[in-house]
Amino acid sequence: MGTSRGVAGSLDRPRADPVTGRAAAPSTAPADGPAAAAIPVPSSGGGRTVIPLDTRRLFRAEFPALPDRAAAVRRMVAGHLRDWRLGAVVDHVVLATNELFANAVEHGSAGPADTVTVTVSLERFGRELRVEVADGSPVIPVARTPQPTEESGRGLAIVDDLAADWGTEPPDPGVRGKKVWFTLPLVATS
């Protein structure tokens, strides 16, 4: 397991709509807001164009801790990745996210009243994808080696094979449980 890089927000970062992942509507914030986190670049007309420093995209959704919600999680993750033009990684990300969601439902919830939160974000200026699955149990998952005849127990091994790194971290402040995350580097295709 690796160390966590976190996805803590910053007040001076442009925000994305948590459902669509698209940038929020422009605001008339003072110069110490989102505009302060930008690079002025000379344009061909002699003026200056402002390019935001943070190209981060993020969406977060909460689901009931029920096995039949896994299909909705898969559809949501795949849809956002395609919207972000990351179709090449959809299969790997959806499979790894599905495994973490299944583990959260089976091992991290006390029943159908519990919820599981799935967060997908582009980090490091779009060079890395990070997925977090948060549940209400503080019990840290442990990878195991199942017997060949066992039907379960391979979820974390699948995540480990598909992801560049994965691990756990404490929940957000004021929330009980834990987060299990994985990252995947993205390669520019131009």
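Keep in mind that what you see is a predicted model, and the values were worked out from it rather than measured.
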Set of side chain to side chain donor-acceptor pair (under 3.5 Å) partners for Asp172, sequence neighbours left out
Lys179
Would you tabulate the side-chain donor-acceptor contacts of residues 92-115 under 3.5 Å, counting partners in other chains and residues two or more places apart, or write 'none'?
unit_1: Thr97; atom_1: OG1; unit_2: Val93; atom_2: O; d: 2.7
unit_1: Asn98; atom_1: OD1; unit_2: Arg74; atom_2: NH1; d: 2.9
unit_1: Ser109; atom_1: OG; unit_2: Val105; atom_2: O; d: 2.7
unit_1: Asp114; atom_1: OD1; unit_2: Arg176; atom_2: NH2; d: 3.4
unit_1: Asp114; atom_1: OD2; unit_2: Ala110; atom_2: N; d: 2.5
unit_1: Thr115; atom_1: OG1; unit_2: Glu62; atom_2: OE2; d: 3.0

Going hydrophobic residue to hydrophobic residue with side-chain gaps under 4.5 angstrom, can you get from Val89 over to Val133?
yes
Exactly one candidate in Arg57, Glu128, Arg127 meets side chain to side chain contact (heavy atoms under 4.5 Å, CB included) with Leu122; the answer is Arg57
Do other residues, nucleotides or ligands put more than 12 heavy atoms under 6.0 Å from Arg144 CZ?
yes
May I ask whether Val90 and Phe59 are part of the same hydrophobic cluster, defined by side-chain heavy atoms of I, L, V, M, F, W, Y residues being less than 4.5 angstrom apart, directly or through others?
yes
For Ala157, all residues meeting side-chain contact (heavy atoms from CB on, under 4.5 Å), sequence neighbours excluded
none
Would you say Trp181 and Asp165 make side-chain contact, with heavy atoms under 4.5 Å?
yes
Under a 4.5 Å cut-off applied to non-hydrogen side-chain atoms, are Ser121 and Glu132 in contact?
no
Please round to the nearest 0.5 Å and tell me the distance separating atom CZ of Arg69 and atom CZ of Phe63.
9.0 Å
Gap between atom CG of Leu58 and atom CD of Glu123 - 0.5 Å precision
8.0 Å
Treat each ILVMFWY residue as a node, draw an edge where side-chain heavy atoms are under 4.5 Å apart, and state whether Val159 and Leu186 are in one component.
yes
Among Leu184, Thr183, Val131, Asp160, which residue satisfies the side chain to side chain contact (heavy atoms under 4.5 Å, CB included) criterion with Trp166?
Asp160
Within the structure provided, determine whether Val120 and Trp84 are in side-chain contact (heavy-atom separation under 4.5 Å).
yes
Between Ser137 and Lys178, the two heavy atoms sitting closest are O-NZ, 3.0 Å
